[in-house]
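Chain identifiers are assigned alphabetically (A, B, ...) following the order of the sequence lines, protein sequences preceding nucleic acid strands; residue numbering begins at 1 within each chain.
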Amino acid sequence: MNVLKRIIAAVRGGALGVADLLSDTDGITALEHQLIEVQGNLSKVKQDLTDVMGKQMHSSRESSVLKMAIQQHELEAGAALDRADEVAALKIAEKIAELDAELEEQQQIHSLFSSHVARLRSLVNKTERQIKDYQRQLSMVRTTESIQKASTAIAQNYASSNHKILSARDSLEQIKKRQQRTLDLLEAAQELEEETGEKTLDERLEQAGIVGSKINANAILNRIKSDRS
Amino acid sequence: MNTNDLALRITDMASYNGYQLECQPIPGMTDVLQITVQDYDELPAFVSVTDSQILCITNLFMEAEVKPDTRGQLIEEMLELNIPMPLSAFSKLGDRFVIFGSMSIHSSIEDICHEIVTLTENAVEAIDALQEYLIPDAVREEGAG
């Protein structure tokens, strides 16, 4: 099922078409069920994978134990040969042959588990991709539903509004007028600030005796004069 | 997050970067919010939340407002403007040309407000730019759905 094609068909059918798309048992409900099923599959495959990986680790541990035992026995056989004890050496060699056979078996089991793990891993990847794909398709359908609702809301809102419904050009004009008014106000405020703001600030400062270098210089001169006398 | 959470969070924020946003409920519609950016009252954004995304839509003009003989040109121009226009794209809902933006459900409230403000400003810009394709004295006729 190509979801986009279904959506196009639904949208062409208007609100009813979208309602059909959402209640379509072959379409969306099936998609939802498929998603749930695949998600179930994924968790089962992951469980299997964990299981097989555990077995793989176990067999690799067994192999290394066997390898160590073989090494140990080889040393012992060497020591027996050093003692010229052929009988003991042969007995040990027989044990080594047994261990070798076991090791080979264990390595076969390990490679079997390894290929199983690789197969399950690729299955997990494929299943995850399928889930993502179903989710993407479902998301498109749900978005179509949401758009339908928004569209209804927009239409309802304009239909129920008591104000005169404006065309795009009229709306633009209103907004531009308002923006111009805001700009004019800002400009006027700035001009007012430039004309009167600084002056009044200076006046206030002067009144408070804070500004005015003459006043300050006079005060300092007076202080110096009084200090000298 | 659903539309109610979104409405509360936008109302809680007094303003975003100097823009005042106003959330108005739409009677009978709980899934869609109407959000107006101050000074752009004529072009409200309609916001809805799905399980994967947040959709913001602003109405541009109706099919009836479009000059029929240059309609193809208008649509081509809108397609070409889609990429350069930041955060928004043109679309059509029934007989309504709209501008929209969609964002992740995990977006922050600041990102959502930024989207709404940008969408509204883009809408003004777009109508201004596409004016020549609109019938000068068109009367907007609204159907119920």
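Proximity to chain B (any heavy atom under 4.5 Å) is shown, for A/R142, by both the backbone and the side chain. Contacts between B/L134 and chain A at a heavy-atom distance below 4.5 Å involve backbone atoms as well as side-chain atoms. In this structure, chain A has heavy atoms under 4.5 Å from both the backbone and the side chain of B/Y40. Proximity to chain A (any heavy atom under 4.5 Å) is shown, for B/Q131, by both the backbone and the side chain. For a residue to count as touching a neighbouring chain, one of its non-hydrogen atoms must lie under 4.5 Å from one of that chain's; by this rule B/Q34 touches chain A with the side chain only. Residue B/D31 touches chain A through its side chain alone, counting heavy-atom pairs closer than 4.5 Å. Proximity to chain B (any heavy atom under 4.5 Å) is restricted, for A/Q179, to the side chain, taken from C-beta onward.
Here the closest non-hydrogen pair linking B/E110 and B/M13 is OE2-SD, 4.4 Å. Between A/L49 and A/V117, the shortest heavy-atom distance links the atoms CD1-O, 3.7 Å.
For the set B/V47, B/L130, B/V98, B/V32, the entry with the most heavy-atom pairs within less than 4.5 Å of chain A is B/V32. Most heavy-atom pairs under 4.5 Å with chain A, from the set B/L55, B/T50, B/I127: that is B/I127. Chain A forms the most heavy-atom pairs under 4.5 Å with one residue out of B/L43, B/L33, B/L93, and that residue is B/L93. The choice from A/R12, A/Q135, A/R181, A/K176 that makes the most heavy-atom pairs within less than 4.5 Å of chain B is A/K176.
A salt bridge does not link B/D5 with B/R9: every distance from a Lys NZ or Arg NE/NH1/NH2 to an Asp or Glu carboxylate oxygen is 4.0 Å or more. Salt bridge status for B/R96 with B/E65: absent, with no side-chain N to carboxylate O gap under 4.0 Å. In summary, A/R178 and B/E42 engage in a salt bridge, as defined by a charged side-chain N under 4.0 Å from a carboxylate O. Using a cut-off of 4.0 Å between Lys/Arg side-chain N and Asp/Glu carboxylate O, B/E63 and B/K92 are scored as salt-bridged.
In this model, a donor atom of one side chain and an acceptor atom of the other lie less than 3.5 Å apart for B/S48 and A/S146. Inspection of the B/Q53 and B/S104 side chains reveals no N or O donor paired with an N or O acceptor under 3.5 Å.
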